[in-house]
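What follows is a set of notes on a single structure, which appears directly below.
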Amino acid sequence: MGGAGLAKRLGTLLSGLLECGAFCGIIFGWASLVFVLKDLGYFEGLCQPSATPSPNLTLGSDCSGQDEQFSLVFTIGSFMNNFMTFPMGVVFDRFGTTAARLIAISLYTGGTLLVAFSTPETAVLLFPAMSMLSVGGILLILTNMQVGNLFGNYRSIIITLYNGAFDSSSAIFLIVKLLYERGLSLRAMFLFLAACSAWHLLRTLFLMPRTRIPYPLPPDYDYGLRCRGRSRSYRTHEDKQRPGEAGPEETPLEPALARGGDGPGTPFRACACSWLFAWHVAWLSVMQLRHYLFIGTLNPQLEHLARGDHALVSTYTNAFAFTQLCGVLCAPWNGLILDRHKRGKGPHPEGVLAALADLRSAVLSLVVTVAQCLLFSVFAAVPLLPVQFGTFALQVISRSFLYGGNAAFLAIAFPPQHFGKLYGLAMALSALVALLQYPCVALVQGPLQGDPFYMNVGLIAVVLVAFVSPVVVARECQRRAKELGMAGTPLAAPSSAEIHAETPH
């Protein structure tokens, strides 16, 4: 095989899964880390003596203030995780993979060192630390998702697989919690995580491109450092093109006609201002808010349902963290939905028909993701502790479908040269909505007296808004199919595979 061989591509894929699964999304295991930080006395000064029973009662103290502070750390960290994705996406699109990953590695290393050298007296360091870990992690996965371009028909599966690994990485804080309970210090564990940055750096040099991985992939495309016997290093297909010729990284994923005008000349602003993008951001925002509120209020909610039983809360916290490991197993199922029209024997849609089939396949994915989140929200609203095991399972399935589907949809629906910016903009706008989690937490801790039942019921209604997005995408597919017919594209007598691709979902 010319260019990057199968072994090299598999090495890039597997090492990327390890990177995403062990580092990128560790902040979302926040509930496990909070358990350790509380035991060490972080923000303990916010606990107030109390003579009345409280779901947050600890040794005769009302620690709702401490819970709010931990919730604020997570709120800011998760906000930065999303909001900073847009400028980081611009950096990725403008300067390429190497520059983006060096920034990510620096942020990630700084964040782990801040946690390692923090103490209960300097607990305020958790704010910049979690923000740096968030931004560094999201930038690492942003540079990894392009690896799907190396695998053609399995592109959406690879993208969702990486997002599932991102979800599973939240279990790292469970490992931190378990090792802490067995005597290992928090400082030693975070110093080890900081040292792992050497792995990210080596992967950046040897198994990632300097710019971006193009799609469709040129026959002789290669990447990585110079190998013995090779005549060039870090050089891609773009080096062989004539002056003024468009490079593969500027080649759109879908032809201009199939995209309704979103072709190679489509400006970023036109994509960002489209109804397709706007409703997709709404789809992402409402479900992300639901997930962030669940994670950010998990410890207080479990304490409320367990009536302050510390051992029982620890058991359920561990169960939640263990379920996060399954994210990498759940996410590829969404990729199978998105790529289902590319499998099987016989001819497959090509060109404009393939682009339209890709967009149509996204409709079912969007609907299934909303349905999962709705079911998860219903379970989360049930004020019974044993039901939370089912809530944990539904949460990890829903979350893995949400983020994998978000990235895959943006890759399908818009030109690839804008992917980093659009992905970042979608995450940044959803971050503004996610800021609502802090007043919601304050509402639960204050007027609702630690009982999140009414908030959870309200969130069920909010999630229903996300059903608008697949309707908008389905109508867009109908519009583009009509334009193709009017333009003279042979839709009147398509092959059997094309007939299947043209069937609305």
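The structure displayed is predicted, hence computed values, not measured ones.
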Pairing donors with acceptors under 3.5 angstrom, does anything connect the side chains of [X] and [Y]?
| X | Y | value |
| --- | --- | --- |
| Tyr42 | Ser118 | yes |
| Ser314 | Lys177 | yes |
| Asn406 | Tyr423 | no |
| Gln288 | Ser78 | no |
| Arg203 | Asn144 | yes |
| Ser430 | Ser285 | no |

Problem set entry | Six-ring centre of Phe294, Arg399 cation under 6.0 angstrom, axis tolerance 45° | no

Are [X] and [Y] side-chain neighbours, meaning at least one heavy-atom pair lies under 4.5 Å?
| X | Y | value |
| --- | --- | --- |
| Leu410 | Phe277 | yes |
| Phe23 | Ile172 | no |
| Arg210 | Thr97 | no |
| Ile141 | Ile138 | yes |
| Val115 | Leu125 | no |
| Val90 | Asp93 | no |
| Pro128 | Leu114 | yes |
| Phe74 | Thr297 | no |

Problem set entry | Verdict with reasoning, Phe419 to Phe414, per ring pair (Phe, Tyr, Trp, His ring centres under 6.0 Å) | CA-CA 7 Å; Phe419 174 76; Phe414 299 99; over 10 Å; no

Within this structure, what is the [atom1]-[atom2] distance for the pair [X] and [Y], rounded to the nearest 0.5 Å?
| X | Y | atom1 | atom2 | answer |
| --- | --- | --- | --- | --- |
| Thr317 | Phe173 | OG1 | CZ | 14.5 Å |
| Phe192 | Leu179 | CZ | CG | 10.0 Å |
| Thr112 | Leu107 | OG1 | CG | 10.5 Å |
| Phe79 | Tyr292 | CZ | OH | 11.0 Å |
| Leu375 | Leu394 | CG | CG | 5.0 Å |
| Ser469 | Trp279 | OG | CH2 | 8.5 Å |

Problem set entry | CZ (Phe83) with more than 12 external heavy atoms under 6.0 Å | no

Exercise. Is the number of heavy atoms from other residues, nucleotides or ligands within 6.0 Å of CZ (Phe467) greater than 12?
Worked result: yes

Measure across [X] and [Y] and return the closest heavy-atom pair with its distance rounded to 0.1 Å.
| X | Y | result |
| --- | --- | --- |
| Ser169 | Cys20 | CB-O, 3.2 Å |
| Arg9 | Leu150 | NH1-O, 2.6 Å |
| Leu325 | Ser168 | O-OG, 3.0 Å |
| Ala408 | Leu338 | CB-CD1, 3.4 Å |
| Ile26 | Tyr108 | CD1-OH, 3.4 Å |
| Ala100 | Thr143 | CB-CG2, 3.8 Å |

Problem set entry | side-chain contact (heavy atoms from CB on, under 4.5 Å) between Glu303 and Asp67, worked out | CA-CA 11 Å; Glu303 289 173 358; Asp67 288 334; 3.7 Å; yes

For this session: Run the numbers on His291 and Phe28 for ring pair (Phe, Tyr, Trp, His ring centres under 6.0 Å), then give the verdict.
Result: CA-CA 10 Å; His291 284 282; Phe28 295 104; 9.9 Å; no

For this session: For side-chain contact (heavy atoms from CB on, under 4.5 Å), just list the numbers for Gln301 and Gln388, CA-CA rounded to whole Å, side-chain angles, deciding distance to a tenth of an Å, and then say yes or no.
Result: CA-CA 10 Å; Gln301 180 173 348; Gln388 300 313 306; 4.0 Å; yes

For this session: With side-chain contact (heavy atoms from CB on, under 4.5 Å) as the test, would you mind laying out the steps for Ile295 and Phe320 before giving the verdict?
Result: CA-CA 10 Å; Ile295 296 171; Phe320 172 72; 4.3 Å; yes

Show me the donor-acceptor pairs, under 3.5 Å and distance only, between side chains in residues 365-374 and residues at least two apart or in other chains.
unit_1	atom_1	unit_2	atom_2	d
Ser365	OG	Asn334	OD1	2.5
Ser365	OG	Asn334	ND2	3.4
Thr369	OG1	Ser365	O	2.8

Exercise. What do the steps show when you test Ser134 against Ser131 for side chain to side chain donor-acceptor pair (under 3.5 Å), and what is the final call?
Worked result: CA-CA 5 Å; Ser134 294; Ser131 296; over 6 Å; no

Exercise. With the threshold set at 4.0 Å, does a side-chain nitrogen-carboxylate oxygen contact exist between Glu19 and Arg101?
Worked result: yes

For this session: Evaluate the criterion ring pair (Phe, Tyr, Trp, His ring centres under 6.0 Å) for residue pair Tyr316 and Phe389; output intermediate values, then yes/no.
Result: CA-CA 8 Å; Tyr316 274 82; Phe389 286 119; 4.5 Å; yes

For this session: Determine the interplanar angle of the Phe70 and Phe43 rings, folded into 0 to 90°, and report it as parallel if under 30°, tilted if 30 to 60°, perpendicular if over 60°.
Result: perpendicular

